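For clarity, every value in this text was computed on a predicted model and none was experimentally measured.
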Protein chains: 2
Amino acid sequence: MAASCGVTFVDVLKALERISPFIHKTPIFTSEQANRKCGRQLFFKCENFQKSGSFKARGALNAVLKCQQVKPNVNGVVTHSSGNHGQALAWAAQRANLPCCVVVPQMAPDVKKNAIRGYGAELLECGPKPSDRNEACDKVQDDRNFELIPPYDHVDVIAGQGTIAVELLEQVPFLDAILVPISGGGMSSGICIAAKTIKPDIKIFIVAPKGKRLEECLRTGKRPWEGPPQYLDTIADGIRLQQTGYITTPILMELAEKDVFEMSDEEIIEGMKFSFERMKLVIETAAGASVAAAFSDRLRKMDPDLKNVGVILCGGNLDIENLPF
Amino acid sequence: MAASCGVTFVDVLKALERISPFIHKTPIFTSEQANRKCGRQLFFKCENFQKSGSFKARGALNAVLKCQQVKPNVNGVVTHSSGNHGQALAWAAQRANLPCCVVVPQMAPDVKKNAIRGYGAELLECGPKPSDRNEACDKVQDDRNFELIPPYDHVDVIAGQGTIAVELLEQVPFLDAILVPISGGGMSSGICIAAKTIKPDIKIFIVAPKGKRLEECLRTGKRPWEGPPQYLDTIADGIRLQQTGYITTPILMELAEKDVFEMSDEEIIEGMKFSFERMKLVIETAAGASVAAAFSDRLRKMDPDLKNVGVILCGGNLDIENLPF
């Protein structure tokens, strides 16, 4: 299963064994109101309660522990991210007693910088251009013998994120489909590999902001994006990257459903509001997109046999003093 | 234990048997960050996930089911409350297939009125004076043979709220103390009766907004409040009633600790923010007061042998479009 892409179900199981002493087996929440609104039974996987506040802790920790195992001489880990992956890698490195350096643009908000520092990582500020952060990362790798752990296009990161599906299908074995938000595709490709091995007829639906062009990609089997990576115009800052990765995309082409849910800002905000008001769960905008997909017309019109649907609430990190409602 | 006050531990156990098929056994959350901040181990009882969004579902449902049992000819239930008790009674009556009428002041916010209507209850609007709502309630009782279920000063309501402590001490048997927010005292007196019977040396600490004068009440054994009931000047709208009840107060005098935690608006807001940001839990202001008490200097200076402390997150109903931060 998907072994052609370099990540196998066995990798996911090994990842789970490696990280499970340190991460939360996050709970499943249900809501009668949500079921009525959707017309199906929804099962929310609460990665907002995960260590570091998002699912990213899984992939980051798996990559860090694997790196310690196969490259014992490495002096530390480095990445560039002011978002969830930066926090997660800082957390994971602290767990593994390995130095960590996170490259962030100077202009990143203080709240994010402080969260990364809070997990004991070194913060390295760089200029605003993508080339600035790459140069800074390269320098840390070369000068200090640190290993780069990228946010999604990395087999150990993908295998780590896949552990979500192993837990979810143990907790709710009778799922017919899973809704997964996407940015670079680390989580969705990991979930595809694990879920489609455990249960080959389960359907994995990807959820993205408007303008992703991933449906075109999955239907044609070709990357539709040209030029350098663009950011989408969306409120969901965790998933605004348009292009998916070079390791992740072939996995999605092989295993994900071709129907991609593209959600508008209004729908994403409504999804978040439902979670806050009705379920009492603080979720970030990307998770709001999952909820919105569960309540969408597109899902409503799909095969009624998809009775039990998993919804990944990918994280809960957001600036609560600037909520979009 | 506390049988003199008309509510016994057996009443609480009967309540639990009666309501447990319909309510959530709410989970316990922990937070390493909270433990570090407090210097003790904290165990948060998440009644924000309870049916109707607050612990009030327990007392309301127990009172409704007991009423159906002992007064089978009653045509319905009535109360006056635009807050959690109104929603909870509406929910409980719907569960019991009993008509429900909730008297609310005309000027109550639409969001609260809609929540009550959402559970299928009839909404009866009245004037702004306390006498207006009493008259409206009396009329429904007399004209339609509805039973009045008051928000706290009622033995079945108290017994229902006491079920929180039975669950909590089953989930965390080694607790040394519990922090409980108070308004009229239904929850705190119920928790006192149950917790002090199960574990006589546990300490129940009450948490209130500034100006409550409950510590004076508990230390002197006399009600310090004069004149008609007043509202406290606090952001915590669920617990702004100054006076505690006539059934609840003697129970508290007998069983609660004399030290009462009085929290300021700033502390309450900080408590809420911690819950939203770090624990990803939506809680209402009254629950923010509990969190604030856990982080207070007053608790910090107490007996270090109080190692394991329960914190009641009483509810999660609030206007998320108007958060105080």
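In this structure B/Phe325 satisfies the ring pair (Phe, Tyr, Trp, His ring centres under 6.0 Å) test together with B/Phe276, sequence neighbours excluded.
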Just by distance, which donor-acceptor pairs between chain A and chain B come in under 3.5 Å?
{"unit_1": "A/Glu32", "atom_1": "OE2", "unit_2": "B/Lys51", "atom_2": "NZ", "d": "2.9"}
{"unit_1": "A/Lys51", "atom_1": "NZ", "unit_2": "B/Glu32", "atom_2": "OE2", "d": "3.0"}
{"unit_1": "A/Lys273", "atom_1": "NZ", "unit_2": "B/Glu321", "atom_2": "OE2", "d": "2.4"}
{"unit_1": "A/Lys280", "atom_1": "O", "unit_2": "B/Val282", "atom_2": "N", "d": "3.0"}
{"unit_1": "A/Lys280", "atom_1": "NZ", "unit_2": "B/Gly316", "atom_2": "O", "d": "3.0"}
{"unit_1": "A/Lys280", "atom_1": "NZ", "unit_2": "B/Asn317", "atom_2": "OD1", "d": "2.8"}
{"unit_1": "A/Val282", "atom_1": "N", "unit_2": "B/Lys280", "atom_2": "O", "d": "3.0"}
{"unit_1": "A/Gly316", "atom_1": "O", "unit_2": "B/Lys280", "atom_2": "NZ", "d": "3.0"}
{"unit_1": "A/Asn317", "atom_1": "OD1", "unit_2": "B/Lys280", "atom_2": "NZ", "d": "2.8"}
{"unit_1": "A/Glu321", "atom_1": "OE2", "unit_2": "B/Lys273", "atom_2": "NZ", "d": "2.4"}

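Proximity to chain B (any heavy atom under 4.5 Å) is restricted, for A/Leu323, to the side chain, taken from C-beta onward.
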